[in-house]
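Data first, discussion second: the structure below is written as structure tokens.
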Protein chains: 2
Amino acid sequence: MGNAYNVMAATCPSRTVLHRIGARWTVFIVNALDNRPMRFTELKAHIRGITPKALTEALRAMEYDGLISRTEIPASPPHVEYALTDLGRSLLTPLRAIREWAESHVPDIERARARADAQR
Amino acid sequence: MGNAYNVMAATCPSRTVLHRIGARWTVFIVNALDNRPMRFTELKAHIRGITPKALTEALRAMEYDGLISRTEIPASPPHVEYALTDLGRSLLTPLRAIREWAESHVPDIERARARADAQR
DNA sequence: CCCGGACGGTATAGATTCGATACCGGTATC
DNA sequence: GATACCGGTATCGAATCTATACCGTCCGGG
């Protein structure tokens with residue numbers, strides 16, 4: 001059956017969805033939460049180079065879209081846990097594929113860039 | 001075998017690769033060039049809402065990275081054709097998956113957003 | 001020869017987002 | 001009481017993206 005949505009259409013709602021998936025840190029967060037929930041500082045340590053502001057914004061946005069859940073745990077000391085929702089977990093396969101493509105094609109891209117640089 | 005690259009490392013070159021894949025228009029362009037080369041204006045018409053500047057920049061960047069090729073065809077009238085390279089074609093499968101995820105999960109995301117909005 | 005249109009872009013300005021850095025309130029531990 | 005960790009905010013300047021207007025080349029028609 002055909003799909004009701006088409007990202008190529010300027011005003012299609014799938015555009016905003018795609019925009020969120022493609023946002024700077026989404027792929028990192030989904031991959032990081034792959035096999036267990038994590039706390040804020042844990043995520044920050046795991047995803048090297050992310051600033052707390054960027055992490056906060058990404059987590060809030062993903063929570064808003066139902067990709068992750070934020071749970072305050074009233075233990076002592078209290079802390080916060082972020083976890084993938086079912087919806088977020090369904091993103092895991094495609095985003096893991098993206099991550100793997102990136103990691104496995106670094107030499108190809110670097111070769112292409114070097115060739116392009118040399119051409120001038 | 002383990003991978004030599006890891007996107008979670010702050011300075012890993014795979015970061016720049018991932019950044020390019022995740023750039024605003026890459027997924028659109030790769031999907032558009034799926035089964036045939038296209039000309040500039042054709043791409044612009046196909047990817048609704050993209051500005052010529054954004055398209056130019058995205059195409060240049062993707063050419064630099066070896067994902068697409070740009071060919072000036074000296075016919076009459078002369079024109080320009082953009083096509084996926086082998087490397088670009090290898091991105092097709094993961095990026096098509098992303099597109100399909102976006103198109104098929106619109107209702108889920110919209111429900112989540114509505115629920116979050118209602119909560120306040 | 002001149003006009004108009006299609007093609008493949010540039011130029012410029014404004015809005016938006018991003019990153020770096022510093023700071024902060026609450027809780028627990030020493 | 002001092003110190004440290006957690007989960008963030010605040011602020012500001014730099015980089016990026018969008019909208020809009022414009023442009024040179026080539027071509028076909030009149």
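Chain identifiers are assigned alphabetically (A, B, ...) following the order of the sequence lines, protein sequences preceding nucleic acid strands; residue numbering begins at 1 within each chain.
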Consider the side chain of [X], meaning its heavy atoms from C-beta on, and name the nucleotide among [options] that approaches it most closely.
X	options	value
B/S76	C/dG9, C/dG8, D/dC27	D/dC27
A/F40	C/dG9, D/dG8, C/dC7	D/dG8
B/P52	D/dT20, C/dG8, C/dG19	D/dT20
B/R39	C/dG9, D/dG7, C/dC7	C/dC7
B/T41	D/dA19, C/dC7, D/dC6	C/dC7
B/A54	C/dG19, D/dT18, D/dG8	D/dT18

Figure out the [atom1]/[atom2] separation between [X] and [N], and round it to whole Å.
X	N	atom1	atom2	value
A/L55	C/dA20	CG	C1'	15 Å
B/I68	C/dG8	CD1	P	13 Å
A/L59	D/dG7	CG	P	11 Å
B/E57	C/dG8	CD	P	18 Å
B/H79	C/dA6	NE2	C1'	13 Å
A/R60	C/dT17	CZ	P	17 Å
B/K44	C/dT10	NZ	P	13 Å
B/H19	D/dA15	NE2	C1'	10 Å

Query raised in the report: Can you list every pair that meets side chain to side chain donor-acceptor pair (under 3.5 Å) and has a residue in residues 40-60 of chain B, with sequence neighbours left out?
Result: B/R36-B/E42
Requested in this report: Compare side-chain N and O positions of A/R24 against OP1 and OP2 of D/dT16 and report whether any pair is under 4.0 Å apart.
Outcome: no
Query raised in the report: OP1 or OP2 of C/dG9 sitting under 4.0 Å from any side-chain N/O of B/Y82?
Result: yes
Query raised in the report: Side chain of B/S69, backbone of B/T85: donor and acceptor closer than 3.5 Å?
Result: no
Requested in this report: Please state whether the rings of B/W101 and B/H105 are parallel, tilted or perpendicular, taking 30° and 60° as the class boundaries.
Outcome: parallel
Query raised in the report: If each of A/P78 and A/W25 is mapped to the nucleotide of DNA chain C with the nearest heavy atom, which maps nearer the 5' terminus, i.e. the 5' end?
Result: A/W25
Query raised in the report: Are B/F40 and A/M8 co-members of a hydrophobic cluster defined by side-chain heavy atoms under 4.5 Å apart?
Result: yes
Query raised in the report: Hey, does B/K53 reach any base, or is it just sugar-phosphate, or nothing, if we go heavy atoms under 4.0 Å?
Result: base
Requested in this report: Working to the nearest 0.5 Å, report the span between CD1 of B/I29 and CG of B/D34.
Outcome: 14.0 Å
